[in-house]
Amino acid sequence: MVTFGLKVALFLGAFAFMEGFAWFTHKYVMHGFGWVWHRSHHEPRHGAFELNDLFAVVFAAPAIVAIYFGTSGHPWLLPIGLGITAYGAVYFIFHDGMVHQRFKVPLGKSAYWKRLIQAHRIHHAVHTKEGAVSFGFLLARPIRELKAKLKARGVQA
Ligand SMILES: [Zn+2]
Ligand SMILES: [Zn+2]
């Protein structure tokens with residue numbers, strides 16, 4: 001029996017897990033063997049899309065599978081699929097909207113959003129596979145810590 005409380009816990013758990021998963025993937029896959037796709041995101045974009053957008057398609061797959069099975073016999077998978085989807089939506093509004101301004105979205109004015117926007121801009125201060133800092137999206141280290149790290153690597157933020 002999947003109670004309402006369990007559904008909420010699974011939804012929030014999936015959402016929180018995705019930030020950790022996104023951090024890990026960004027640091028070790030995108031700035032690793034996935035650089036062939038991610039590189040396009042650290043260079044000026046030509047046209048509406050970049051090769052890096054393919055990662056969004058890959059990340060959507062487990063959510064689609066979880067929602068499919070969640071609505072056909074495995075109800076506990078539905079809140080997980082929805083949690084992954086919700087993370088994707090918040091990530092998209094924050095990363096592609098607020099930071100990279102690929103579409104119009106009100107900039108987050110709270111200290112939390114301002115710090116996250118700045119942290120991701122600091123990530124983009126490095127245009128190479130190696131040497132970048134701040135791989136998280138909805139969680140980030142304090143700005144002065146990130147700037148100090150970059151400075152130690154000889155990059156001006
Ligand atoms: Zn990156
Ligand atoms: Zn970015």
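In listed order, ligands and their atoms are each counted from 1. Side chains included, hydrogens not; waters and symmetry mates left out as well; all remaining heavy atoms used.
Hydrophobic clustering, defined by side-chain heavy atoms of Ile, Leu, Val, Met, Phe, Trp and Tyr closer than 4.5 Å, groups Val29 together with Phe33.
Protein N/O/S atoms closer than 2.8 Å to the Zn ion (ligand 2), listed by chain and residue number, are His41 NE2, His95 NE2, His100 NE2, His120 NE2, His124 NE2.
Aromatic ring pairs are classed by plane angle as parallel below 30°, tilted from 30° to 60° and perpendicular above 60°; the pair His26 and His120 is tilted.
For Glu130, the side chain to side chain contact (heavy atoms under 4.5 Å, CB included) criterion is met by no residue, not counting sequence neighbours. Phe4 pairs by the side chain to side chain contact (heavy atoms under 4.5 Å, CB included) definition with Val8, not counting sequence neighbours.
Among all heavy-atom pairs drawn from Asn52 and Ser40, the shortest one is N-OG, 2.9 Å.
Panel note: side chain Glu19, backbone Phe137; a donor-acceptor pair is recorded below 3.5 Å.
Within His38, the N, O or S atom at minimum distance from the Zn ion (ligand 1) carries the name NE2.
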